[in-house]
Amino acid sequence: MALLQVEQVSKTFGMGGKQPVHALSEVSLEVEEGETFGLVGESGSGKSTLVKCIVRLGFPDSGTILYDGIDVPKARGADLRRLRREVQMVFQDPHASLNPRMTVEELVGEGILVHRLEPSAAARRERVVELLSLVGLSAGDMQRHPHAFSGGQRQRIAIARALAVRPRLLVCDEPVSALDVSVQAQVINLLMDMQAKLGLTMLFIAHNLAVVGHLCQRTAVIRTGQIVEHGPTAEVFGKPQHPYTRELLDAVPIPDPKATGWLRSGPNSGDER
Ligand code: ADP
Ligand code: MG
């Protein structure tokens with residue numbers, strides 16, 4: 001059984017009001033334990049709406065979402081606590097997602113405290129230090145506040161915060177699209193490292209196909225709330241079946257053909273290597 005099963009999920013905004021928006025129309029996908037699954041689509045295609053339903057920051061109108069057999073929208077009690085710990089999220093904008101009043105130690109340690117994962121304050125602090133070093137920050141950063149850091153460093157804090165509770169599924173909603181291009185690759189590499197080191201399952205959302213191609217074993221393409229194509233990333237990118245996928249691929253600048261040899265065949269690909 002897949003770790004995450006999304007079946008026929010639909011959600012409409014603005015019912016009863018003006019023009020309703022069908023943000024999700026019968027979306028289905030499955031994420032297997034241990035894999036990195038990519039979801040790509042342009043802005044407004046419904047990616048964040050789906051993510052919110054998966055991490056229970058929102059509810060679908062219809063359809064099923066199962067995490068390790070737990071019915072996500074209906075979960076209560078011990079199941080809900082397990083969800084809240086095992087499914088963590090990294091948001092697009094680390095500015096907005098980190099409480100500016102909290103120190104790094106409080107931000108990273110919060111989940112450990114809430115879920116009672118360490119027996120003492122000293123053990124918690126030790127774990128925070130370990131997490132900071134894991135993401136490339138240092139113990140000296142613990143008493144600083146988010147504003148003292150760059151966007152890339154802030155996203156590292158957000159990643160440490162998510163990893164603190166030892167999640168099984170990490171959902172990353174465009175985790176680098178708010179960052180300077182110069183630090184995007186570092187944060188992607190960090191996520192890849194963490195995935196490998198910790199055996200995480202990852203659902204990676206992006207509008208940038210190059211990033212997904214680099215990172216994900218399987219990919220689904222979403223357009224106006226509908227999955228138009230899905231499969232192994234190499235197939236989806238190498239032989240796109242849907243014209244929309246082709247359009248997205250054509251819109252991708254290819255910075256380094258050698259590094260992106262997976263992208264597609266034809267001129268500009270890595271075929272001539
Ligand atoms: P993406 O993350 O792919 O950019 P979203 O899931 O944020 O897309 O949005 C999908 C559609 O749903 C868009 O048309 C957006 O305007 C609409 N939408 C998202 N959230 C809300 C909301 N809370 N109220 C009304 N419309 C919304
Ligand atoms: Mg979004």
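Ligands are counted one by one from 1 in listed order, and the atoms in each one are counted from 1 as well. As the structure is a prediction and not an experimental result, all values here were calculated from the model. In what follows, residues are counted from 1 in the order of the sequence shown.
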Heavy-atom pairs closer than 4.0 Å: do any link ligand 1 to the side chain of Thr49, the backbone, both, or neither?
both
Give the atom numbers and elements of ligand 1 that come within less than 4.0 Å of a heavy atom of Gly44.
1 (P), 3 (O), 4 (O), 8 (O), 10 (C), 11 (C), 13 (C)
Which of these, Lys52, Gln92, Lys47, has its nearest heavy atom closest to atom 3 (O) of ligand 1?
Lys47
Check each atom of ligand 1 against the heavy atoms of Ser43 and keep those under 4.0 Å away; list them by number with element.
4 (O)
Parallel, tilted or perpendicular, judged at 30° and 60°: which one describes the rings of His242 and Tyr244?
perpendicular
Do Arg218 and His230 meet the criterion of a side-chain donor-acceptor pair at a distance under 3.5 Å?
no
Could you check atom 8 (O) of ligand 1 against the protein and tell me its nearest heavy-atom contact, residue, atom and distance included?
Gly46 N, 3.2 Å
Side chain, backbone, both or neither: which part of His207 comes within less than 4.0 Å of ligand 1 when only heavy atoms are counted?
neither
Less than 4.5 Å apart, any side-chain heavy atom of Ile227 and any of Leu39?
yes
Show me which atoms of ligand 1 lie under 4.0 Å from any heavy atom of Glu42.
3 (O)
Name the closest protein heavy atom to atom 7 (O) of ligand 1, giving the residue it belongs to and the distance to 0.1 Å.
Ser48 CB, 3.8 Å
Any Lys/Arg nitrogen of Glu33 or Arg168 sitting under 4.0 Å from an Asp/Glu carboxylate oxygen of the other?
yes
For atom 14 (O) of ligand 1, find the nearest protein heavy atom and state the residue, atom name and distance (0.1 Å precision).
Val21 CG1, 3.5 Å
Quick one, Leu4 and Ile65 - any side-chain contact, counting heavy atoms below 4.5 Å?
yes
Ignoring hydrogens and angles, state whether a donor on the side chain of Gln143 or Glu105 is under 3.5 Å from an acceptor on the partner side chain.
yes
Please report which non-hydrogen protein atom sits nearest to atom 24 (N) of ligand 1, along with the residue it belongs to and the distance in Å to one decimal place.
Phe13 CD2, 3.5 Å
Just wondering, more than 12 heavy atoms not from Arg144 lying within 6.0 Å of its CZ?
yes
Donor on one side chain, acceptor on other, Ser45 and Glu42, under 3.5 Å:
no
Under 4.0 Å from atom 10 (C) of ligand 1, is there at least one protein heavy atom?
yes
Using a 4.5 Å cut-off on heavy atoms from C-beta on, say whether the side chain of Thr103 contacts that of Met142.
no
Scanning both residues in full, the closest heavy-atom pair of Val90 with Ala162 reads CG2-CB, 4.2 Å
Here the pair of heavy atoms bringing Thr219 nearest to Phe37 is C-CZ, 4.4 Å
Any side-chain heavy atom of Leu134 sitting closer than 4.5 Å to one from Lys197?
yes
Output the list of atoms in ligand 1 that are nearer than 4.0 Å to some heavy atom of Ser45, sorted by atom number.
1 (P), 3 (O), 8 (O)
Provide the tally of protein N/O/S atoms nearer than 2.8 Å to the Mg ion (ligand 2).
1
